[in-house]
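The structure under discussion appears below in the form of structure tokens.
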There are 2 protein chains.
Amino acid sequence: MDYISEAGHVSARQGHETGKRSQEGITRFIEQMGLSAQQDGVARISGRIFGYFIVHGGPVSFAQLAEELQISRASVSTNARSLAALGIIERITLPGDRQDYYQLAVSPFLRMIESYLVRMQQMQNILQQADDSIPAEMHATHARLAQMRRFYAAAVQANQQLIEDLGP
Amino acid sequence: MDYISEAGHVSARQGHETGKRSQEGITRFIEQMGLSAQQDGVARISGRIFGYFIVHGGPVSFAQLAEELQISRASVSTNARSLAALGIIERITLPGDRQDYYQLAVSPFLRMIESYLVRMQQMQNILQQADDSIPAEMHATHARLAQMRRFYAAAVQANQQLIEDLGP
DNA sequence: TAGTTTGTTCAGTTATGGCTGAACAAAAAA
DNA sequence: TTTTTTGTTCAGCCATAACTGAACAAACTA
């Protein structure tokens, strides 16, 4: 039995020996990924889609995603494209098939770190601006801003190192 | 002129020579900290309070916070306590004064990383559960879960290293 | 004692953004 | 051509949670 290539029919195998209990575990995992995403300020459905692709690496068709996760096609469109834009999943096409397919990206976690890095760089810009526009007499303020910049510089460096360590 | 010890009167110095322009820079910074916090899934007011303490290290009284940031006492109570719970600011008292005062914690950024670590450990628990409850036959799924666990393990280690590097 | 000051809690309002159905456009099939 | 398939977009509904005003409790002051 191959769960991977028949992702679309897993939910129909209720009566199977491994079926019910394992199905519970899978849906719970996907649901937890949704909640976890929501905690991180990401749409719940994006988290569920990500979880779905952890379980079934893909390729999975657009229509399959909507049916399996029981979400509207509009939500599939929005969230899958959003995840693809982040480099976490990627859109592919299959010859002789008009549908869009998605599959897990090769290294989804590296992309997640890269998103963090972007956020940190935005914060560094804010700190730079503050440093420029706040009068020099405010020594203690500038000292705290400098401390903050050192922190973000170190954090950026640590995450770049992490990317290298996890890379090929 | 000492901006630090008279945090409560900065906004009143509109006519001063350094006043108007620098005041703009400060409020813009505080406002950007609010927006940045909101992006991170934290209440905007919490971000503003944090920004305020970057500018004026404190101690700042409860009432001052409400007045300076033009927010309700209820919001001060909720958000300041929340930041204090995260270890980013701390509540102190001054002898002969009934008011609560807050000041920036000694190393607010270390505390922020520690919060990240907690989240990552929650994710590790979720992965552990999934690993336990998903049938062993799903080899590809277990491989992806293992990859994910390696990622979080490395991320936790990197951040713990970062904490050490930034520590005293 | 009654009256202030001070912080917390909670019900209610408001703002934000997620999700959906429906309308739509593009492209293939009939 | 008309019809069907497929994905996108957008207006509107809904859920979540941020924020506030008001009521409250505790502790000080008079």
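Computed over heavy atoms, backbone and side chain alike; hydrogens, waters and symmetry mates excluded. Labels below follow one simple rule: chain letters A, B, ... track the order of the sequence lines, proteins then strands, and each chain is numbered from 1.
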Within less than 4.0 Å of OP1 or OP2 of D/dT6, is there a side-chain N or O belonging to A/Arg91?
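Answer no for this pair, as no side-chain N or O of A/Arg91 is under 4.0 Å from OP1 or OP2.
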Using only side-chain N and O atoms of B/Arg44, determine if any of them is under 4.0 Å from OP1 or OP2 of D/dC19.
no
Do the side chain of B/Arg48 and the main chain of B/Ile30 share a donor and acceptor less than 3.5 angstrom apart?
no
Quickly work out the [X] [atom1] to [N] [atom2] distance and round it to whole Å.
X        : N      : atom1 : atom2 : value
B/Glu67  : C/dG7  : CD    : P     : 14 Å
B/Asp100 : C/dT5  : CG    : C1'   : 12 Å
B/Leu65  : C/dG7  : CG    : P     : 10 Å
A/Gln99  : C/dA27 : CD    : C1'   : 14 Å
B/Arg81  : C/dC10 : CZ    : P     : 10 Å
A/Arg98  : D/dT6  : CZ    : C1'   : 6 Å
B/Asp97  : C/dT5  : CG    : P     : 13 Å
B/Gln39  : D/dA17 : CD    : C1'   : 18 Å

Is the number of heavy atoms from other residues, nucleotides or ligands under 6.0 Å of B/Gln157 CD greater than 12?
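It does not: B/Gln157 CD has 12 such atoms or fewer within range.
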Enclosure of A/Glu114 CD (heavy-atom neighbours >12, cutoff 6.0 Å):
yes
Name every residue in residues 72-80 of chain A that has at least one heavy atom under 4.0 Å from any atom of DNA chain D, in order of residue number, or write none if there are no such residues.
A/Arg73, A/Ala74, A/Ser77
Using five pairs at either end of the helix from C/dT1-D/dA30 to C/dA30-D/dT1, determine the angle between the two local helix axes and round it to 10 degrees.
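Inter-axis angle at the ends, rounded: 20°.
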Identify which nucleotide among D/dG7, D/dC19, C/dG7 has an atom closest to any side-chain atom of B/Ala43, counting heavy atoms from C-beta outward.
D/dC19
Over 60° means perpendicular and under 30° means parallel, so classify the ring planes of A/Phe109 and B/Phe151, tilted if in between.
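Judged by the thresholds at 30° and 60°, the geometry between B/Phe151 and A/Phe109 is parallel.
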Would you name the heavy atoms of A/Val55 and B/Thr141 that are closest together and state the gap between them?
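Shortest heavy-atom separation between A/Val55 and B/Thr141 comes out as O-OG1, 2.5 Å.
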Give the minimum heavy-atom separation between B/Phe53 and B/Gln103, together with the two atoms involved.
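Answer, listing the atom of B/Phe53 first, then B/Gln103: CE2-CA, 3.7 Å.
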Where each residue is assigned the nucleotide of DNA chain D containing its nearest heavy atom, which of A/Gln38 and A/Ala63 is assigned the position nearer the 5′ end?
A/Ala63
When you compare the side chains of B/Ser75 and B/Thr78, does any donor N or O come within less than 3.5 Å of an acceptor on the partner?
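No.
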When you compare the side chains of A/Gln121 and A/Asn125, does any donor N or O come within less than 3.5 Å of an acceptor on the partner?
no
Flag side-chain contact, heavy atom, 4.5 Å: A/Tyr101 against A/Val60
no
